[in-house]
Amino acid sequence: MLKQRLIELLTQAASEAQKLGKLPSVTLPEVSVDHPQNPEHGDYASSFPLKLARATGVNPLTIAKDVVGLIVPVPEIDRIAVAPPGFINFTLEKDWLSRQVDSILLAGDAYGSIDLGQGSGVQIEFVSVNPTGPLHVGHGRGAILGSTLANVLTAAGYGVEKEYYINDTGSQIDAFYRSLYARYQQSLGIDAEMPSDGYFGNYMIDLAKEIVAQEGDRFLVLPGPEAVTQLGRLGLDKIVTQIKSDLELLGVGFDVWFSEQSLYDNGQYQEAMSRLRQQGYLAEKEGATWFISTALGEDKDNVVVRGDGSPTYFASDIAYHYNKFLERNFDRVINIWGADHQGHISRMKAVVGALGIAPEQLQVIVSQMVTLRRGDELIRISKRSGDIITLRELVDEVGADVCRFFFLARSADSQMDFDLELAKRESQDNPVYYVQYAHARIASILRLAQERGIDYADGGVSLLATELELTLIRKMLLLPEIVEIVAHTLEPHHLSYYAQDLATVFHSFYKQCRVVSRDEALTKARLRLVAAAKLVLAKTLHLMGMTAPESM
RNA sequence: GUCCCUGUAGCUCAGAGGAUAGAGCGGCUGCCUUCUAAGCAGCGGGUCGUUGGUUCGAAUCCAACCAGGGAUGCCA
């Protein structure tokens, strides 16, 4: 990557300056290079001399001049300038820039991929919604964040494993089972009462009816507890199947569907607990078993085994992370949780530390709340009451691409309002169409070229020299940097802004530069340019999990 | 009370300590005989919540405060 190359050049020149005695031999600060907002300052700039000035006491302008004098010439760079109070500005060589069109076309689908991860493994767990009902809109946000992040980390050279943790045991599942049994009995005409802690959504009635239609009344003859369990498992399977298909509609898939129950069946729950007990992190008080997180600097302790002997979800999560780090040996684990799990983060990190794992190996991304509205009408998102807009309904209304782009258009940290009315009403002006339209336009140009039998394989890209053309190339060259930023910050929303920027630059070029014209050589050169732009747009859209349409 | 997130243009939001803080939407002007007008070009719009601090340099880091949201269960 070009940026990395500039950093190397600067670092090299600075240590050379130290060898020559032009700079004091202090430890060099981290060399950073970024894009100045003012184009007069070139394509890349470094404030490195300003930082070095602090450590050395040398005038930053002097440092900049000395370092620039020692930078070895490279074909990428046309000009290196020193600017007060101590910036080093790089301007790219135009011929080199235009040649990048060929490089991009040569790289093909691999363009934008980098080797940041060097094959190291990352597990990313997301969605993991209790299978007690359909996914709602807020879950979609986590799903899209996770799947996009997985795409980007893969492109950044990591070995990524996507996982959905199925909470198929515990008190909420128990409530789900009992609710389903009540609805099942009711749909067979029996006057059964719903449990007070039950799931009252209409989908439970539909689910019961579906089971009655398929299985008849055979569960009625079983003893109560047996019927609850068998019926419950059947219902749970159906919900999980539904969740899978809802996610598929959004283009979200997983490598592993991990069962919570399996942690109890294979003894890993016991192993995790006894390990914590050996380390002295478990204690009995008030009739329950507690994780002594206060010993690790937490505000309070937490119950892991209730007074009635049943484990809390925290206990399961301890076993689950024991499994991730010590059974499956992931070096790095990313969890994406909803804002309601925010308080769970620090104690979970404490657990990881107590298990002998560096807490930094666990990264938790919290996606803030999504509020759904239709115009002025607020829609409550509550699975218990059943008054929800499901993720499936959302996708049906606005489409998967719009849905994905919308969620990727804001950082996970900020709460968002999803106005369904607005999303539909503005669909013509939606940025997703703006970006996809750029891709479709290019496809249209390439179709025309094909109809006219123009073979642009030998097009000479050195003819690409106008500012509009070079601006488009410069923008295309940013994709690897965006991939790096997203992989580093775990903030996929940067992609959507990049996609819009790239589309803007293309639309502007398109308006002012005729591609297929009477000038054969220029036509071929520009066809190569737009073919490259199409590739970069498609790659960006695909990283976001979106389609790149050939026509609109 | 404690912890987390947020506060930037009329609205929705970007902005990895750097140079003159940006985009989309909305408003106003222009632009289709030529590859898709779902487009382009232009105009207007700001005490970056407040006050201090760190720094050569702060929207960005620190502290306090103000405002909105969330978490503080032997629910998940």
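In the text below, chain A, chain B and the rest are named by the order of the sequence lines, each starting its count at 1. The figures here come from the full heavy-atom set of this structure, side chains too, leaving out hydrogens, waters and symmetry mates.
When the options A:Val483, A:Leu490, A:Ile482 are evaluated for a side-chain contact (heavy atoms from CB on, under 4.5 Å) with A:Val486, the one that passes is A:Ile482.
A:Asn89 comes within 4.0 angstrom of a base, heavy atoms only. Among the heavy atoms of the strands lying under 4.0 Å from A:Tyr510 is at least one base atom, whether or not backbone atoms are also near. Nucleic acid contact for A:Leu448: sugar-phosphate only, since backbone atoms but no base atoms lie under 4.0 Å from a heavy atom of the residue. Within 4.0 Å (heavy atoms only), A:Ala440 reaches at least one base atom of the nucleic acid. Counting any heavy atom pair closer than 4.0 Å across all strands shown, A:Tyr437 reaches a base atom. A:Thr489 comes within contact range of no nucleotide atom at all, as no heavy-atom separation falls under 4.0 Å. Within 4.0 Å of A:Ala45, counting heavy atoms only, lies at least one base atom of the nucleic acid. Across all strands, A:Arg514 comes closer than 4.0 Å to base atoms (heavy-atom distances).
Distance from the side chain of A:Ser508 is smallest to B:A41 among B:A76, B:G18, B:A41. The listed nucleotides are B:A76, B:G69, B:G70; the one nearest the side chain of A:Asn130 is B:A76. In the set B:A76, B:A16, B:A38, B:A38 carries the atom at the smallest distance from any side-chain atom of A:Met552. Out of B:A19, B:C13, B:A76, the shortest distance to the side chain of A:Tyr497 is found at B:C13. With B:G68, B:C74, B:C3 as the candidates, the nucleotide lying closest to the side chain of A:Gln342 is B:C3. Ranking B:C13, B:A16, B:C3 by closeness to the A:Asp299 side chain, first place goes to B:C3. Of the candidate nucleotides B:G68, B:A14, B:G18, B:G68 has the atom lying nearest to any side-chain atom of A:Gln415. Of all nucleotides listed (B:C56, B:A19, B:C75), B:A19 comes nearest to the side chain of A:Gln37.
For B:C5, its base never sits under 3.5 Å from the side chain of A:Gln368 at any donor and acceptor pair. Interface remark: the A:His341 side chain does not form any donor-acceptor pair with the B:A71 base, using a distance-only criterion of under 3.5 Å. For A:Arg306 and B:G73, a side-chain-to-base donor-acceptor distance below 3.5 Å is absent, hydrogens and geometry of angles not being considered. Checked by distance alone, A:Asp501 brings no side-chain donor or acceptor within 3.5 Å of a matching partner on the base of B:A14.
Nucleotides B:C11 and B:A58 have their P atoms positioned 27 Å apart, rounded to a whole Å. Look at the C1' atom in both B:G18 and B:A76: the space between them is 45 Å, to the nearest Å. When the C1' atom is compared between B:A21 and B:C31, the two are found 30 Å apart, to the nearest whole Å. Spacing of C1' atoms, B:U8 relative to B:A23, comes out at 13 Å, to the nearest Å. Between the C1' atoms of B:C65 and B:G7, the separation comes to 14 Å (whole Å). B:U6 and B:U50 have their C1' atoms separated by 16 Å, given to the nearest Å. Comparing the same atom, C1', in B:C48 and in B:G22 gives a spacing of 12 Å after rounding to whole Å. Rounded to whole Å, the P atom of B:C61 lies 12 Å from the corresponding atom of B:G15.
In this entry the distance linking CG of A:Leu478 with C1' of B:A14 reads 15 Å, nearest Å. The distance from atom NZ of A:Lys300 to atom C1' of B:G1 is 14 Å, rounded to the nearest whole Å. At whole-Å resolution of the value, CG in A:Asn302 and P in B:C74 are 8 Å apart. Rounded to an integer number of Å, the gap from NE2 of A:His35 to P of B:G18 is 13 Å. Going from atom CZ of A:Arg347 over to atom C1' of B:U72 covers 9 Å, rounded to whole Å. Between A:Phe405 atom CZ and B:C25 atom C1' there is a gap of 13 Å when expressed in whole angstrom units. The CZ-P distance, from A:Arg54 to B:G17, rounds to 13 Å in whole Å. Atom C1' of nucleotide B:C35 and atom CD of A:Glu550 are separated by 15 Å, given to the nearest angstrom.
Taking only side-chain nitrogens and oxygens, A:Tyr434 comes nearer than 4.0 Å to OP1 or OP2 of B:C40. Taking 4.0 angstrom as the limit, A:Ser171 places none of its side-chain polar atoms (N or O) nearer than this to OP1 or OP2 of B:C74. Taking 4.0 angstrom as the limit, A:His493 places a side-chain polar atom (N or O) nearer than this to OP1 or OP2 of B:G15. Between A:Ser411 and B:A14, a side-chain N or O to OP1/OP2 separation shorter than 4.0 Å is present. Dashed line: the shortest gap from a side-chain N or O of A:His507 to OP1 or OP2 of B:A38 is not under 4.0 Å.
Using N1 to N3 plus N6-O4 or O6-N4 for Watson-Crick, or N1-O2 and O6-N3 for G-U wobble, each under 3.5 Å, B:C61 pairs with B:G53. Pair assignment for B:C3 gives B:G70, based on Watson-Crick or G-U wobble hydrogen-bonding distances that are each under 3.5 Å. Nucleotide B:A38 is matched to nothing when pairs are restricted to Watson-Crick or G-U wobble geometry with both distances under 3.5 angstrom. B:A16: no Watson-Crick or G-U partner with both key distances under 3.5 Å is found in any strand.
Note on ring orientation: taking the six-membered ring where Trp is involved, the planes of A:His341 and A:Trp337 are tilted (angle from 30° to 60°). Below 30°, between 30° and 60°, or above 60°: for A:Tyr164 and A:Trp257 the angle between ring planes is below 30°, a parallel geometry. Using cut-offs of 30° and 60° on the angle between ring planes, the pair A:His35 and A:Tyr44 is tilted. A:Tyr510 and A:Phe506 have tilted rings, their planes meeting at an angle from 30° to 60° on a 0 to 90° scale.
The residue among A:Ala288 and A:Glu491 whose nearest nucleotide of RNA chain B lies closer to the 5′ end is A:Glu491. Between A:Asp413 and A:His41, the residue anchored nearer the 5' end of RNA chain B, judged by the nucleotide with its closest heavy atom, is A:Asp413.
Although no hydrogens or angles enter the test, the distance criterion places a donor-acceptor pair under 3.5 Å between the side chain of A:Ser496 and the main chain of A:Leu408. Although no hydrogens or angles enter the test, the distance criterion places a donor-acceptor pair under 3.5 Å between the side chain of A:Arg404 and the main chain of A:Met544.
Shown here, B:C32 is classed syn by the O4'-C1'-N9-C4 or O4'-C1'-N1-C2 angle, which is within 90° of 0.
The shortest distance between side-chain heavy atoms of A:Phe291 and A:Val303 does not fall below 4.5 Å. Here the side chains of A:Met369 and A:Met416 are not in contact, with every heavy-atom distance at 4.5 Å or above.
Side-chain contact of A:Gln261 with A:Asp168: a donor-acceptor pair under 3.5 Å is absent, judged by distance alone.
Taking the 5.5 Å centre cut-off and the 30° plane limit, the aromatic side chain of A:Phe87 is classed as stacked on B:A19.
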